[in-house]
Peer 1: 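Structure in structure tokens, see below.
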Amino acid sequence: MEQGFSERIYQIVKQIPAGKVTTYGQIAAKLGKPKAARAVGNALHVNPYKSVPCHRVVNRKGRVATNFSDGGWQEQKRKLLKEGVRFRNRMCVDLEKHRILNF
DNA sequence: ATATTGACGGGCA
DNA sequence: GTGCCCGCCAATA
């Protein structure tokens, strides 16, 4: 099966363990295109595959998606809290604690 | 092929 | 630490 831009993103996001998070930029970098962070976010937004834990992906400031595709940012937050991810405030996760370094 | 859009990142105030 | 501007990429309202 040929791997399109979006499909590669799903493969990577699926590897994120519960309780951990990563950023759009890191996924883009893993694709070999560090400048495509934006396109990454778009791909995840358009493809709400439930098998993909897209709620574990946040932006560089640790902020959750403003227009999350399944219940809004509040829903994304709830899923993360359930996995043990700590929040620094209403919309930002504690990146320092949960960000995956070798990814 | 061109223009518009959007779950973004870096750099600077 | 946060917020704004600009640049980048892929999909297409």
Peer 1: Here's a test for you: under side-chain contact (heavy atoms from CB on, under 4.5 Å), which of A:N47, A:V13, A:I16 qualifies with A:V52?
Peer 2: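 Testing A:V52 for a side-chain contact (heavy atoms from CB on, under 4.5 Å) against A:N47, A:V13, A:I16 leaves exactly one candidate, A:V13.
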Peer 1: Within this structure, what is the NZ-to-C1' distance between A:K33 and C:dA10, rounded to whole angstrom?
Peer 2: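 That distance rounds to 8 Å.
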Peer 1: Do A:E83 and A:H55 have side-chain N/O donor and acceptor atoms under 3.5 Å apart?
Peer 2: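 Judged by distance alone, the side chains do pair up.
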Peer 1: Same cluster or not: A:F103 versus A:Y24, using hydrophobic residues (I, L, V, M, F, W, Y) connected whenever any side-chain heavy atoms lie under 4.5 Å apart?
Peer 2: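 Yes.
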Peer 1: Looking only at side chains, do A:Q76 and A:R56 share a donor and an acceptor under 3.5 Å apart?
Peer 2: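 Per modelled atom types, A:Q76 and A:R56 side chains form no pair under 3.5 Å.
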Peer 1: Any sub-3.5 Å donor-acceptor pair from A:Q15's side-chain atoms to A:Q11's backbone N or O?
Peer 2: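 Looks like yes, one N/O pair under 3.5 Å.
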Peer 1: Please state how far atom NE2 in A:H45 lies from atom C1' in C:dC9, giving the value in whole angstrom units.
Peer 2: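 These atoms are roughly 17 Å apart.
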Peer 1: Tell me what A:A39 touches on the nucleic acid: a base, only sugar-phosphate, or nothing, going by heavy atoms under 4.0 Å.
Peer 2: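 Base contact.
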Peer 1: Describe the nucleic acid contact of A:A37 in one word from base, sugar-phosphate, nothing, applying a heavy-atom distance below 4.0 Å.
Peer 2: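 Sugar-phosphate, backbone atoms only, no base.
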Peer 1: Take atom NZ of A:K61 and atom P of B:dA7, then tell me their distance rounded to the nearest Å.
Peer 2: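 Atom NZ in A:K61 sits about 15 Å away from atom P in B:dA7.
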Peer 1: Any strand counts, and the cut-off is 3.5 Å on both contacts for Watson-Crick or G-U wobble. Which nucleotide pairs with C:dA13?
Peer 2: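 Paired with C:dA13, as far as the under-3.5 Å criterion goes, is no nucleotide at all.
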Peer 1: Whole angstroms only, please: what is the CE-P distance between A:M91 and C:dT2?
Peer 2: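 Rounded to the whole Å, the gap is 13 Å.
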Peer 1: Out of C:dT12, C:dG1, B:dC8, which has the shortest distance to the side chain of A:R88?
Peer 2: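 So the side chain of A:R88 is nearest to C:dG1.
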Peer 1: What's the CD1-C1' distance between A:I9 and C:dA10, to the nearest Å?
Peer 2: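 One finds 9 Å between C1' of C:dA10 and CD1 of A:I9, rounded.
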Peer 1: Could you state the CG-P distance from A:L95 to C:dG1, rounded to the nearest angstrom?
Peer 2: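 Taking atom P of C:dG1 as the reference, CG of A:L95 is at 10 Å.
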Peer 1: Are OP1 or OP2 of C:dA11 and a side-chain N or O of A:N42 less than 4.0 angstrom apart?
Peer 2: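 Result: no.
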Peer 1: Near A:Y49 OH, under 6.0 Å, is it more than 12 heavy atoms from other residues, nucleotides or ligands?
Peer 2: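 No, not enclosed.
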Peer 1: Nearest whole Å is fine: how far is C:dC9 P from A:L44 CG?
Peer 2: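 Checked: the CG to P distance equals 18 Å.
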Peer 1: Write down the distance between CG (A:N67) and C1' (B:dT5), rounded to a whole number of angstrom.
Peer 2: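 Result: 13 Å.
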Peer 1: Checking only heavy atoms, does the side chain of A:R60 share a donor-acceptor pair with the base of B:dG9 at less than 3.5 Å?
Peer 2: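 When only heavy-atom distances are counted, A:R60 does not reach the base of B:dG9 through any donor-acceptor pair under 3.5 Å.
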Peer 1: With heavy atoms under 4.0 Å as the rule, sort A:S69 into base, sugar-phosphate or nothing.
Peer 2: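 Here A:S69 touches the bases of the nucleic acid.
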Peer 1: Do the side chain of A:R38 and the base of C:dG7 come within less than 3.5 angstrom through a donor-acceptor pair of N or O atoms?
Peer 2: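 Such a pair exists between side chain and base.
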Peer 1: Provide the Watson-Crick or G-U wobble partner of B:dT2, both distances under 3.5 Å; none if there is no partner.
Peer 2: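 Partner of B:dT2: none found under 3.5 Å.
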Peer 1: Base, sugar-phosphate alone, or nothing: which one does A:F5 contact when heavy atoms must sit under 4.0 Å apart?
Peer 2: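 Answer is sugar-phosphate: A:F5 comes under 4.0 Å of backbone atoms only.
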Peer 1: May I ask you to verify if any side-chain N or O of A:K35 is less than 4.0 angstrom from the OP1 or OP2 atom of B:dG10?
Peer 2: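 No, because none of the side-chain N or O atoms of A:K35 sits under 4.0 Å from OP1 or OP2 of B:dG10.
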Peer 1: Out of C:dA11, C:dC9, C:dC8, which nucleotide sits closest to the side chain of A:S6?
Peer 2: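 Ranking C:dA11, C:dC9, C:dC8 by closest atom to the A:S6 side chain puts C:dA11 first.
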Peer 1: How do A:R63 and A:A43 order along DNA chain C: which one's closest nucleotide is nearer the 5' end?
Peer 2: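 In this pair, the answer is A:R63.
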